[in-house]
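Here, residue 1 is the first one in the sequence, and each next residue gets the next number.
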Amino acid sequence: MPQMTPIQNPQFNQGSSQVGHTLTTPYKGRFAPSPTGPLHLGSLTTALGSWLDAKAHGGQWIVRMEDVDTPRTIAGSDQIILQQLKACGLHWDEDVVWQSKRTDLYQAALEQLSKGQITYRCICSRKEIEETLRANGVELGRHEELIYPGSCRDQNRQAVKTAIRVALPSSCVLHFTDRMKGVQLQDLVHEVGDFVIRRSDGLFTYQLAVVVDDYLQGITHIVRGEDLLSNTARQLYIQKVLGYPRPSYLHLPLVTNAAGEKLSKQTRALAIDISHQEAIFNSLRGAAQHLGLKEDKNELSISTHEWLQIKIRQWRDCYL
């Protein structure tokens, strides 16, 4: 999987690109879960971190359901997630939006990119990409993200069911400063290759949808899990070519199980229990501890609201 590379004293060569510009408008953050199941400790930790950052800045916090990948969506999960957030005292400041209802917005962005002649159609299957890479002497690791070799780039494909990829320039090294991890750098051409923004089944990818939504919803600060760190350069590039400003980024450490695996539906992470107040408080405490916020024994006898106010002050001391 491609990674953003941390660097201490970056010297950017010709062809490197520092994308967009930092927003100076009032703070607006978001929590954007995929409704593929209820919140577990890992997703609650992200929700709490993004909520605390917004409140510590005196800003707004919204919720977006990232259900653009409709086949993975589990019916009713969105409502369960909203109930869990409310039970934990994490209230949002605007109406919730669902990506599945915003495809016309993604289509408009795709058309803008196509007019700029930086997209092309691709008929390659994963198996065909693997075979091409092996033929070129590339060794493939298990579950490794494939660096697209550009097989369809100059073919002018006209088939109906094709993916659409972004045609990267010959040099595309992107960097940004993560508020927790420092300066990050990724060479998109050599570490990712031309990437898909609309799948062959017609569904838009996360890479395009998240950029369009963050821009249209006025998001200034993105706080999310570090599993999405390696996606950031792709999103920065889309922001650049669409003329969008660049939000601030903070990637939080992941919550893992005993085997060191990220908590997820695939690793059978347990849903947080909101059946009674003690369970809710224990989940919040666990999330706060993972975020590095200290705990005081006096906190055990206060209300959730009072506890959240203490954590806002702690977050301000740690991260602002």
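Glu128 places a side-chain N or O within donor-acceptor distance of the main-chain N or O of Ser125, the cut-off being under 3.5 Å. In terms of modelled atom types and a separation under 3.5 Å, the side chain of Thr205 and the main chain of Val196 share a donor-acceptor contact. The main-chain N or O of Ile302 is never found under 3.5 Å from a side-chain atom of Glu306 such that the two would form a donor-acceptor pair. With hydrogens and angles ignored, the 3.5 Å screen pairs a side-chain donor or acceptor of Asn136 with a backbone N or O of Thr132. Of the possible donor and acceptor atoms, none in the side chain of Gln117 sits under 3.5 Å from a partner among the backbone N and O of Ser114.
Taking the side chain as every heavy atom from C-beta outward, Cys122 and Thr162 never approach each other to under 4.5 Å. His190 has its side chain out of reach of Ile147: every pair of non-hydrogen atoms, C-beta onward, lies at least 4.5 Å apart. Residues Leu308 and Leu48 meet the side-chain proximity criterion, which asks for heavy atoms closer than 4.5 Å. Put simply, the side chain of Ile219 reaches to within 4.5 Å of the side chain of Ile62, judged on heavy atoms. With contacts defined as side-chain heavy-atom distances shorter than 4.5 Å, the pair Leu52/Lys311 qualifies. No side-chain heavy atom of Phe31 sits under 4.5 Å from any side-chain heavy atom of Trp51. Contact annotation: the side chain of Pro253 approaches that of His290 to within less than 4.5 Å [non-hydrogen atoms, C-beta and beyond]. Within the 4.5 Å cutoff, side-chain heavy atoms of Leu320 are placed close to those of Arg179.
Leu39 contributes atom CG, which lies 9.0 Å from atom CG of Leu82 (distance to the nearest 0.5 angstrom).
In this structure, Tyr106 and Phe204 have perpendicular ring planes: the angle between them is above 60°, well past the 30° mark.
In the model, Asp214 has no side-chain atom that pairs as donor or acceptor with a side-chain atom of Tyr244 under 3.5 Å. For the residue pair Tyr120/Asp154, the side-chain donor-acceptor check at 3.5 Å is not satisfied. Between Thr232 and Gln235, the side chains place no donor N or O within less than 3.5 Å of an acceptor N or O (distance only, hydrogens not considered). For the 3.5 Å distance criterion, the side chains of Ser100 and Thr70 fail to qualify, holding no donor opposite an acceptor. Using a 3.5 Å distance cut-off with no hydrogens or angles, the side chains of Thr304 and Gln277 do pair a donor with an acceptor.
Scored by the side chain to side chain donor-acceptor pair (under 3.5 Å) test, Thr177 finds no partners at all (sequence neighbours excluded).
For Tyr215, the OH atom sits in a loose shell: 12 or fewer heavy atoms of surrounding residues, nucleotides or ligands are nearer than 6.0 Å. Counting heavy-atom neighbours within 6.0 Å of His276 NE2, excluding the residue itself, gives a total above 12.
The residues Asp67 and Arg72 are annotated as not salt-bridged, no charged nitrogen and carboxylate oxygen being separated by less than 4.0 angstrom. Checked for salt-bridge contact, Lys115 and Glu111 miss the test: no charged N lies under 4.0 Å from a carboxylate O. Between Arg64 and Glu66, at least one side-chain N (NZ, or NE/NH1/NH2) sits under 4.0 Å from a carboxylate O, which counts as a salt bridge. Ion pairing of Asp201 with Lys161 is absent here, as no side-chain N (NZ or NE/NH1/NH2) approaches a carboxylate O to less than 4.0 Å.
A salt bridge (Lys or Arg N to Asp or Glu O under 4.0 Å) check over residues 77-99, counting only residues at least two apart or in different chains, returns the pairs Lys28-Glu94, Lys55-Asp93.
Both cation-pi conditions hold for Arg165 and Tyr148: the charged atom is under 6.0 angstrom from the six-membered ring centre and inside a 45 degree cone around its axis.
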Derivation and outcome, side-chain contact (heavy atoms from CB on, under 4.5 Å), residues His91 and Trp61
CA-CA 8 Å; His91 300 286; Trp61 185 75; over 6 Å; no
Verdict with reasoning, Val97 to Val63, per side-chain contact (heavy atoms from CB on, under 4.5 Å):
CA-CA 7 Å; Val97 302; Val63 174; over 6 Å; no
